[in-house]
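Quick caveat, the model's predicted, so the values are computed rather than measured.
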Amino acid sequence: MNKFLNIVQGICYILIIIGALNWGLIGTMNFNLVEYLFNESILTRIIYIAVGIAAVISIILTVKYTIDNRDY
């Protein structure tokens, strides 16, 4: 099960990095790379949803890891 969670966490981090870079481009140059690559198709919406889900999963895994590894 740990190997599966490591794979999920790795995929989540990649998606979060993609989302963060896209937002950085939007903020600095007003350029949306995802929409540029996929022409505002349904795939663009799927990528945005995947990035959001990845962020939620990463938050949950981080909280779980933090709670499980407390040194009290």
*asked:* Rounded to the nearest 0.5 Å, what separates atom CD1 in Ile47 from atom CG in Leu37?
replied: 8.0 Å
_Rounded to the nearest 0.5 Å, what separates atom CD1 in Ile53 from atom SG in Cys12?_
9.5 Å
*Is there a chain of hydrophobic side chains (I, L, V, M, F, W, Y, each step under 4.5 Å between heavy atoms) that links Val8 to Ile49?*
yes
*Closest heavy-atom contact between Ser58 and Ile16?*
OG-CD1, 3.3 Å
*asked:* If you count heavy atoms of other groups shown closer than 6.0 angstrom to CZ of Phe31, is the number above 12?
replied: yes
*Are any non-hydrogen side-chain atoms of Glu35 and Asn39 less than 4.5 angstrom apart?*
no
*Taking all non-hydrogen atoms of both residues, which atom of Leu15 and which atom of Ala54 are closest, and how far apart?*
CB-CB, 3.8 Å
*With the side chain counted from C-beta on, respond yes when Leu5 and Leu61 share a heavy-atom pair under 4.5 Å apart, and no when they do not.*
yes
_Counting C-beta onward and ignoring hydrogens, is there a side-chain heavy-atom pair between Trp23 and Asn32 closer than 4.5 Å?_
no
_Closest non-hydrogen atom pair between Gly19 and Val51, with its separation_ = CA-CG1, 4.0 Å
*For the hydrophobic clusters of this structure (ILVMFWY residues joined by side-chain heavy atoms under 4.5 Å, transitively), does one cluster hold both Ile42 and Val34?*
no
_Side chains of Tyr65 and Gln9, heavy atoms from C-beta outward: is any pair under 4.5 Å?_
no
_Tell me whether Phe38 shares a hydrophobic cluster with Leu25, the cluster being built from Ile, Leu, Val, Met, Phe, Trp, Tyr side chains joined at under 4.5 Å._
yes
*Stepwise, does the side-chain contact (heavy atoms from CB on, under 4.5 Å) test hold for Tyr36 with Asn22?*
CA-CA 11 Å; Tyr36 176 77; Asn22 193 52; over 6 Å; no
*Quick one: OH on Tyr48 to CG on Leu43, what's the gap to the nearest 0.5 Å?*
10.5 Å
*Determine whether Leu33 and Leu21 make a side-chain contact, defined as any pair of heavy atoms from C-beta on separated by less than 4.5 Å.*
no
*asked:* Please determine whether residues Ile60 and Phe4 belong to a single hydrophobic cluster, defined as Ile, Leu, Val, Met, Phe, Trp and Tyr linked transitively by side-chain heavy-atom distances below 4.5 Å.
replied: no
